[in-house]
Amino acid sequence: MRAIHRLARAKFGRFLQVAERGVPRAVKRAARLRSACQRWGRQRSCSPRMINPTPRLRFAPSPTGPLHLGGARTAMYNWAAARALGGTFLLRIEDTDRARSTDASLQIILTGLRWLGMDWDEGPEQGGAFGPYSQMQRLHLYRAAADELLQKGHAYLCYCTPEEIEAGRKVMEAAKAGFIGYNGRCRNLTAHERAAFEQRGLKPNLRFRMPAARVLKVHDLVRGEVEVNTKELDDFVMLRPDGVPLYNFACVVDDIGMKITHVVRGEEHFLNGIKQRLLFEALGSECPLYAHIPLILNKDGKKLSKRDADTNMLEYRDKGYLPDAVFNYIALLGWGFSGERDLFTRQEMVEVFKLEHIGKSGAKFDEEKLRWMCGEYLRRFSAADCLQNSKPWLTNAVPQAAFTTHPAWLANIIACYQERVAILSEFAPKIGWLFVDLPVLDEAAQQNLGKDQAAKQWLLRYADLLANSNLPPSFPADRTAADVAVSLPTKKAAAVASCAFATPQQIEQECRAFTEQLGVKFGDFVHPVRAALSGTDKGPGLFDIVFLLGKDACIKRLRAAAS
RNA sequence: GUCCCGGUCGUCCAGUCCGGUCUAGGACCCCAGAUUUUCAUUCUGGUAACACGGGUUCGAAUCCCGUCCGGGAUACCA
């Protein structure tokens, strides 16, 4: 008692000290950061021992549709955990739903995973020591396990028809039973009864014999300790009459066969995890560590479904999102690199990733933040890389030949827009004005052109000035010397490049001198000129525009706009 | 219906396990300012949250209970 008192006083005293000092905010923040760092290496709670010395994780998609956001994230967490633990990451195709599985879906899933930058050590197509990796090629394994369970009494044959099962369920519902499931009619069939069913030509399912009212205390890497009573579970079907297994059974047989140590999957599988634990036990194997991660929600807070737009990963690719950004963004849906940082590489993620740090609550997908993130990554590209990456989206805006004849010029154009777009497909509509004969003036441009009565005169005078200047030639003439010498966009502090042609800085100097001579305010002059040259009021600095457009095009546009 | 899980700015992520350094932090969005020839970038600043109610405690975002709300599961889908 006395000790408790002393402890309380000590703690209270510490509080007073702190309060008196009036700790400044910066100090508090530093302390917070420090403690966050210290906590980093620590696990949220003790995890049970691992069952296998080599971590082996799998992503097990069913090829019944495209790779969607949730699946991609599940794959990613499995991948990251495997890499973080120095283990193996493998792919297993759960294609036992023969009505819906297609090879096309499988290809889309594999393409999506590769696009996001995930690699796997074993899987379909490339094989591995634990194959085959498609469940339909493993039927003999399920058969063998089924026989074992049947023999041990953990499973039984069920001759109920779907109609009978449905009827049984209706009865339970009517009786307002708390739990609704299979009623266990075939649980204890005699050999005689079975023979009678067989004689009627009925083909049996194999069902698991669920232990009655047993309380399981399980540990989930994400959820922690959870208790589940088996009376919430029914005798689920393991094997169809034709020998094709159902999810839970196939999953367990394969997780055993493939020596899986950690299972990361959506929380819709939590109860399946319980069934699977029982199955592991019945088969005399230890079960892997489970991590059931919360779902990704749509804007309405519901489970992301196929009906929600753009759940297909490849649509993001096709829209011009960068894989690094999508990877980075998805990782953040349920997991944080740290409280202070949003941007990280795959490698950085692997260095700190822990399954125990995955959050428990569902996350809504926010396309705006993804867009922002994509812009962050896009701005980090060199102009040449950016050009290379955006090429597929440029084909309608840029003449094909230009890619080989004017790479430096195109790179300069792209560079001018790199900080003005976020996704690759956004370049094309913005750079079109450079490739037309004369630009179409939008509303803002027309306004800027008409604002001052004298503007058209300025344009003509400026055209004359440019005619006598040393501007680079206009596309399609060769202007490599200019574009190689000058890297756009022009930054204020940048040194003036040495170039055989006028650089944007020189063009600006001449222009400022010109407006002074003209007696026009620089700002007033710039807007109509920009409108005449580019057809819009937005875009790169005016002198980058003049430089990119080149001599003839500038003159032509200025005179056209003046008439 | 029954079972499980969750609830911190509009959104995502920290902080919760182990109560005081939280006057609750970072990011997106939004707003304002700075820079500037426009837009954008960049920089500075701002708005904005511990679902609610009890309890425990000197002290609760943090521990306990209840309520409400949300999500998931309850297939011869995975």
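Sequence lines set the chain letters: A, B, ... in the order given, protein chains first and strands last, and positions in each chain run from 1.
Heavy-atom minimum distance, A:R185 versus A:E164: NH2-OE1, 3.4 Å.
In this entry B:A14 has no Watson-Crick or G-U wobble partner, no candidate having both defining distances under 3.5 Å. In a base pair of the Watson-Crick type (N1 to N3 plus N6-O4 or O6-N4) or a G-U wobble (N1-O2 and O6-N3), with each distance short of 3.5 Å, B:U2 is matched with B:A73. B:U44: Watson-Crick or G-U partner is B:A32, with both key distances under 3.5 Å. Across all strands shown, the partner of B:A51 is B:U67, judged by Watson-Crick or G-U wobble contacts whose two distances both fall under 3.5 Å. Remark: B:C39 base-pairs with no nucleotide; criterion is Watson-Crick or G-U wobble with both hydrogen-bond distances under 3.5 Å. Under the Watson-Crick or G-U wobble criterion, with both distances below 3.5 Å, B:C58 is paired with B:G20.
Distances shown here put every side-chain N or O of A:T64 at or beyond 4.0 Å from the OP1 or OP2 atom of B:C77. When the side-chain nitrogen and oxygen atoms of A:R207 are compared with OP1 and OP2 of B:C76, one or more of them lie within a distance under 4.0 Å. An OP1 or OP2 oxygen of B:U37 is reached within less than 4.0 angstrom by a side-chain nitrogen or oxygen of A:R512. Between A:R265 and B:A78, a side-chain N or O to OP1/OP2 separation shorter than 4.0 Å is absent. Considering only side-chain N and O atoms, A:R379 lies under 4.0 angstrom from the phosphate OP1 or OP2 of B:U42. Residue A:K360 places at least one side-chain N or O closer than 4.0 Å to OP1 or OP2 of B:G6.
Counting non-hydrogen atoms under 4.0 angstrom, A:C160 reaches a base of the nucleic acid. Residue contacts shown for A:G523 are absent, as no nucleic acid heavy atom lies under 4.0 Å away. Residue A:P540 is in base contact, counting any heavy-atom pair closer than 4.0 Å across all strands shown. Using a 4.0 Å heavy-atom cutoff across all strands shown, A:N272 reaches at least one base atom of the nucleic acid. Backbone-only engagement by A:T96 is indicated by non-hydrogen atom pairs under 4.0 Å involving sugar-phosphate atoms exclusively. A:L542 comes within 4.0 angstrom of a nucleotide base, judged by non-hydrogen atoms across all strands. If you check every strand for non-hydrogen atoms under 4.0 Å, A:F543 touches a base. A:I180 comes within 4.0 angstrom of a nucleotide base, judged by non-hydrogen atoms across all strands. Note on A:G539: a base of the nucleic acid sits closer than 4.0 angstrom, heavy atoms only. Within the 4.0 angstrom heavy-atom criterion, no nucleotide atom of any strand lies near A:H292. Contact annotation for A:G334: backbone-only contact, meaning every heavy-atom pair under 4.0 Å involves sugar-phosphate atoms and none involves a base. Base contact: A:N205 has a heavy atom under 4.0 Å from a base atom. Residue-level contact check: A:E166 touches neither bases nor backbone, having no heavy atom under 4.0 Å from any strand. Counting non-hydrogen atoms under 4.0 angstrom, A:R169 reaches the backbone sugars and phosphates but no base.
Note: A:Y316 and A:Y321 have perpendicular aromatic rings, judged against thresholds of 30 and 60 degrees for the angle between ring planes. Note: A:F543 and A:F522 have parallel aromatic rings, judged against thresholds of 30 and 60 degrees for the angle between ring planes.
For A:E340, the listed nucleotide lying nearest its side chain is B:G25; candidates were B:U38, B:G25, B:A73. For A:R530, counting side-chain heavy atoms from C-beta on, the closest listed nucleotide (B:C28, B:G26, B:U38) is B:U38. Counting only heavy atoms from C-beta on, A:E267 has its side chain closest to B:G72 among B:G72, B:U38, B:A78. Listed candidates were B:C4, B:A78, B:C12. Nearest to the side chain of A:S62 is B:A78. When distances are taken from the side chain of A:E376 to each of B:C77, B:C76, B:U42, the shortest belongs to B:U42. The side chain of A:W372 lies closest to B:C29 when the candidates are B:U11, B:C29, B:C12. Side chain of A:H269, nearest nucleotide from B:U11, B:A78, B:A27: B:A78. For A:K492, the listed nucleotide lying nearest its side chain is B:U36; candidates were B:U36, B:C28, B:C13. Distance from the side chain of A:K369 is smallest to B:A27 among B:C76, B:G7, B:A27. The side chain of A:P162 lies closest to B:C76, out of B:C76, B:U11, B:C77.
Other residues, nucleotides and ligands contribute only 12 or fewer heavy atoms inside 6.0 Å of the CZ atom of A:R143. Within a 6.0 Å radius of CD in A:E166, other residues, nucleotides and ligands contribute more than 12 heavy atoms. Remark: A:E516 CD is loosely packed, at most 12 non-hydrogen atoms of other residues, nucleotides or ligands lying under 6.0 Å away.
Taking atom NZ of residue A:K275 and atom P of nucleotide B:U74, one finds them 7 Å apart after rounding to whole Å. A straight line from CG of A:D254 to C1' of B:A78 spans 13 Å, rounded to a whole angstrom. One can place CD of A:E356 at 18 Å from P of B:C17, the figure rounded to the nearest angstrom. Between the CE atom of A:M210 and the P atom of B:C3 there is a distance of 17 Å, given to the nearest Å.
Separating the C1' atom of B:U2 from that of B:G19 is a span of 36 Å, rounded to the nearest Å. Annotation: B:G55 and B:C69 have their P atoms spaced 23 Å apart (nearest Å). Using atom P as the reference point in both B:A48 and B:U11, the two lie 16 Å apart (nearest Å). Remark: the separation of the P atoms in B:G46 and B:G26 is 10 Å, to the nearest Å. A gap of 14 Å separates the C1' atoms of B:C68 and B:G54, to the nearest Å. If you take atom P in B:G25 and the same atom in B:G45, they sit 14 Å apart, rounded to whole Å. Across B:G72 and B:C76, the matching C1' atoms stand 23 Å from one another, rounded to whole Å. The C1' atoms of B:G6 and B:C52 are separated by 16 Å, rounded to the nearest whole Å.
At a threshold of 4.5 Å between non-hydrogen side-chain atoms, the residues A:N229 and A:R214 do not count as touching.
The residue among A:Y329 and A:R341 whose nearest nucleotide of RNA chain B lies closer to the 5′ end is A:Y329. Each of A:E232 and A:F522 has a nearest nucleotide on RNA chain B; the 5'-most of these lies closest to A:E232.
We find that A:R512 and A:E510 are not joined by a salt bridge, their nearest charged nitrogen and carboxylate oxygen being 4.0 Å or further apart.
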Just do the side-chain contact (heavy atoms from CB on, under 4.5 Å) check on A:V218 and A:E225 with the steps written out, would you?
CA-CA 6 Å; A:V218 303; A:E225 307 293 337; over 6 Å; no
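If you take OG on A:S390 and CZ on A:F381, they are separated by 9.0 Å, rounding to the nearest 0.5 Å.
Interface remark: the A:R223 side chain does not form any donor-acceptor pair with the B:C5 base, using a distance-only criterion of under 3.5 Å.
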